[in-house]
Amino acid sequence: MAFSYIKSFYSKYEGRIGAATILLGFIFDNLTLRGATITTQTTVFTIYLILSCVAILTLNIIESRAAPNTDTKLHFWAFILLQFSIGSLFSMFFVFYSRGFSIAATWPFLLLLLANMIGSELYKKKYSRLSVQISLLFVSIFSFCIYFLPVAVHRISGWIFAASGILSFVLVYLFVKLLARVAKKRVEEDKRGIIIGVGAVYAIINIFYIFNVIPPVPLVLKDGGIYHSIVWQADRYLAEGEEKSFSNFFTFYPLYHHTSGEPVYAVAAVYAPAALETTIVHDWQYFDKAKSKWQSVTIVPVAIVGGREGGYRSYSVKQNVVPGLWRVDIKTSSGKIIGRIKFEIVEDGTAPNLVEDIY
C-alpha cells in the first residue's frame with residue numbers, strides 16, 4: 001500500500017521532485033566539494049559511480065527477462081537510484097568546472113554538464129534506454145578522468161587529456177562486458193546505440209578541448225586583478241588597486257585610470273593540487289579597433305607549484321600601455337585559458353582612490 005502511494009505521488013509530481021532534487025543536490029555539492037581535498041572528491045565520485053553502475057545493472061537485468069516486469073518495487077527504486085547518482089555526478093562536475101574565472105570561455109562545456117544534470121532528473125523516458133545510460137556513464141567517467149589524472153601524475157598536458165579519454169574508454173568497455181554477462185539481451189538490442197552514443201560523447205568532448213572550451217582543471221584562478229603597484233612584504237604581496245565602485249558590478253571592463261609612463265601590474269593566484277608543477281603564462285592583449293580583434297602584445301611565462309589553498313601567486317608588469325580595452329589571459333603553456341582579467345585603460349587626469357589588496 002505504501003509503495004503504491006509513493007509511486008503514484010512520484011509519477012504525479014515527477015517534474016517538481018526532479019527540479020527540487022537538482023537544486024538541493026547542487027547546493028549540497030557546492031557547499032561540501034568546493035573546499036574538499038582530492039581524496040574526499042575521489043571518494044564521493046567513487047560512491048556515486050558505484051551507485052550508478054549498480055542501478056544500471058539492476059535495471060537491465062530485470063528488463064532483459066523474457067517477460068520483464070518493470071512494475072516491481074526493485075525496478076522503481078533502481079531507477080530512482082540511477083537518477084539520483086547520475087544527477088549527483090553531473091552536479092559534482094558542474095561545481096568542479098565552474099570554479100575559475102574563465103566561464104565566458106568555457107560556457108558550452110558547462111552548459112553540456114548542466115543539461116545532463118537537469119535531463120537526468122526530469123526526463124525519465126529518455127534515460128530508460130541502455131545506450132543513454134552508458135553514454136551518461138561515459139561522460140561522467142571522462143569528466144572525472146580529465147580532472148583526476150593530472151593530479152595523479154603531477155602534470156597537465158595534451159597527452160594527459162588523451163590518456164584520460166583512453167582510460168575512460170577502457171573502464172566503460174569493461175562495464176559493458178560485465179553487463180553483457182548478466183543482461184546479454186539488453187546489450188545486444190542496443191549495441192549500435194551504445195557505440196554511437198559513446199563515440200559521439202568522445203568526439204564532442206575532444207572538440208571542446210581543441211577549441212579551448214573545457215576548463216584546464218585542476219588549475220583554477222582563485223583571485224586576480226589589475227593594480228598600480230605591488231610590493232612583497234612578510235610572505236605576502238601588497239597590491240594597490242582602484243577602489244571598486246558599485247558600477248564595477250555592471251561592466252565587463254572596469255576602468256583603470258592611468259598616468260602616462262606608469263607601469264601596470266597584473267596579479268593572479270592560481271590554485272593547483274600539491275606536487276603539481278607546471279608553467280602558466282600571462283598573456284597581455286589589447287583590442288585593436290582598426291582590425292576589430294584582440295592583439296597579443298606581451299607574454300610572460302611563470303613557473304608555479306601547487307599546494308597553496310589560496311593559489312600560487314604571480315604577477316607580471318606591462319610598460320607603454322595605451323588607452324582602450326585590455327585583458328590579461330592566464331593560460332597554460334599549451335594555451336588553455338585558466339582565467340581572464342579584463343579592464344579598460346583611460347587617461348583623463350582623474351586621480352583614483354587606491355586601496356590595498358593582500359595576496
Side-chain angles (χ1 to χ4, degrees), residues 41-70 72 74-93 112-113 116-117 119-120 123-153 159-209 214:
Q41 294 166 357
T42 305
T43 301
V44 172
F45 168 78
T46 303
I47 292 172
Y48 286 153
L49 182 63
I50 290 173
L51 291 176
S52 300
C53 292
V54 168
I56 293 172
L57 285 169
T58 303
L59 284 170
N60 288 280
I61 288 173
I62 294 173
E63 294 176 8
S64 65
R65 295 173 180 172
N69 179 12
T70 57
T72 63
L74 183 58
H75 187 276
F76 174 79
W77 290 116
F79 202 95
I80 297 296
L81 178 62
L82 178 62
Q83 285 186 292
F84 165 77
S85 54
I86 291 292
S88 297
L89 281 169
F90 282 107
S91 174
M92 173 182 173
F93 296 138
L112 173 67
L113 294 178
N116 278 286
M117 180 176 70
S120 66
Y123 299 103
K124 182 175 179 179
K125 290 182 179 179
K126 295 290 184 182
Y127 290 84
S128 63
R129 290 180 59 88
L130 177 59
S131 57
V132 175
Q133 296 168 9
I134 298 300
S135 297
L136 289 173
L137 190 66
F138 182 65
V139 175
S140 302
I141 295 173
F142 202 168
S143 298
F144 186 75
C145 287
I146 293 170
Y147 176 84
F148 178 74
L149 213 56
V151 178
V153 301
W159 290 108
I160 301 301
F161 177 84
S164 300
I166 294 171
L167 178 59
S168 304
F169 262 129
V170 171
L171 292 175
V172 167
Y173 173 77
L174 292 175
F175 177 74
V176 173
K177 290 288 286 185
L178 171 62
L179 188 60
R181 293 177 67 90
V182 296
K184 185 176 180 180
K185 180 181 177 182
R186 287 282 290 167
V187 174
E188 289 181 346
E189 287 176 346
D190 213 0
K191 184 177 180 179
R192 184 171 179 270
I194 293 172
I195 294 173
I196 292 174
V198 171
V201 168
Y202 181 78
I204 290 171
I205 293 180
N206 275 271
I207 290 171
F208 280 178
Y209 180 81
I214 298 179

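Computed from a predicted structure; not experimentally measured.
P150 and C145 get closest at one heavy-atom pair: CD-O, 3.9 Å. Across all non-hydrogen atoms, the minimal contact from S64 to V182 is OG-O, 4.2 Å. In terms of heavy-atom proximity, Y209 sits nearest to I214 at N-CD1, 3.9 Å. Contact detail for A78 and T58: the closest heavy-atom pair is CB-CG2, 3.9 Å. When all heavy atoms are compared, the tightest approach of Y147 to Q41 is OH-OE1, 2.5 Å.
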Return all side-chain donor-acceptor pairs below 3.5 angstrom for residues 186-196, not counting sequence neighbours, or 'none' if the list is empty.
from: R186; atom 1: NE; to: N60; atom 2: OD1; distance (Å): 2.7
from: R186; atom 1: NH2; to: N60; atom 2: OD1; distance (Å): 3.0
from: R186; atom 1: NH2; to: E63; atom 2: OE1; distance (Å): 3.1
from: R186; atom 1: NH2; to: S128; atom 2: O; distance (Å): 3.2
from: D190; atom 1: OD1; to: R129; atom 2: NH2; distance (Å): 3.3
from: D190; atom 1: OD2; to: S131; atom 2: N; distance (Å): 2.9
from: D190; atom 1: OD2; to: S131; atom 2: OG; distance (Å): 3.0

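Distance check: I146 CD1 to I160 CD1 gives 12.5 Å after rounding to the nearest 0.5 Å. Atoms OG and CD1, on S85 and I80 in that order, are 11.0 Å from each other to the nearest 0.5 Å. Atom CZ in R181 sits 12.5 Å away from atom CG in L57 (nearest 0.5 Å). Between L59 atom CG and L74 atom CG the span is 8.0 Å, to the nearest 0.5 Å. Separation of atoms OG1 (T46) and CZ (F144) is listed at 6.0 Å; rounding is to 0.5 Å.
Residues I56 and L130 have side chains in contact (heavy-atom distance under 4.5 Å, counting atoms from C-beta outward). Contact of the F161 side chain with the I205 side chain is registered, since non-hydrogen atoms from C-beta on lie closer than 4.5 Å. L49 is listed as a side-chain neighbour of L137, based on a closest heavy-atom distance under 4.5 Å. Residues I134 and F175 meet the side-chain proximity criterion, which asks for heavy atoms closer than 4.5 Å.
Shown here are the ring pair (Phe, Tyr, Trp, His ring centres under 6.0 Å) partners of Y202, two or more places apart in sequence or in another chain: F142, F169.
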Original post:
Would V139 and L89 count as a side chain to side chain contact (heavy atoms under 4.5 Å, CB included) if you check the C-alpha gap in whole Å, the side-chain angles of each, and the deciding distance to 0.1 Å?
Top reply: CA-CA 10 Å; V139 175; L89 281 169; over 6 Å; no

**OP:** Evaluate side chain to side chain contact (heavy atoms under 4.5 Å, CB included) for V151 paired with T42, printing each intermediate quantity in order.
**Re:** CA-CA 11 Å; V151 178; T42 305; over 6 Å; no

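Here the side chain of S143 pairs no donor or acceptor atom with the backbone of S140 at under 3.5 angstrom.
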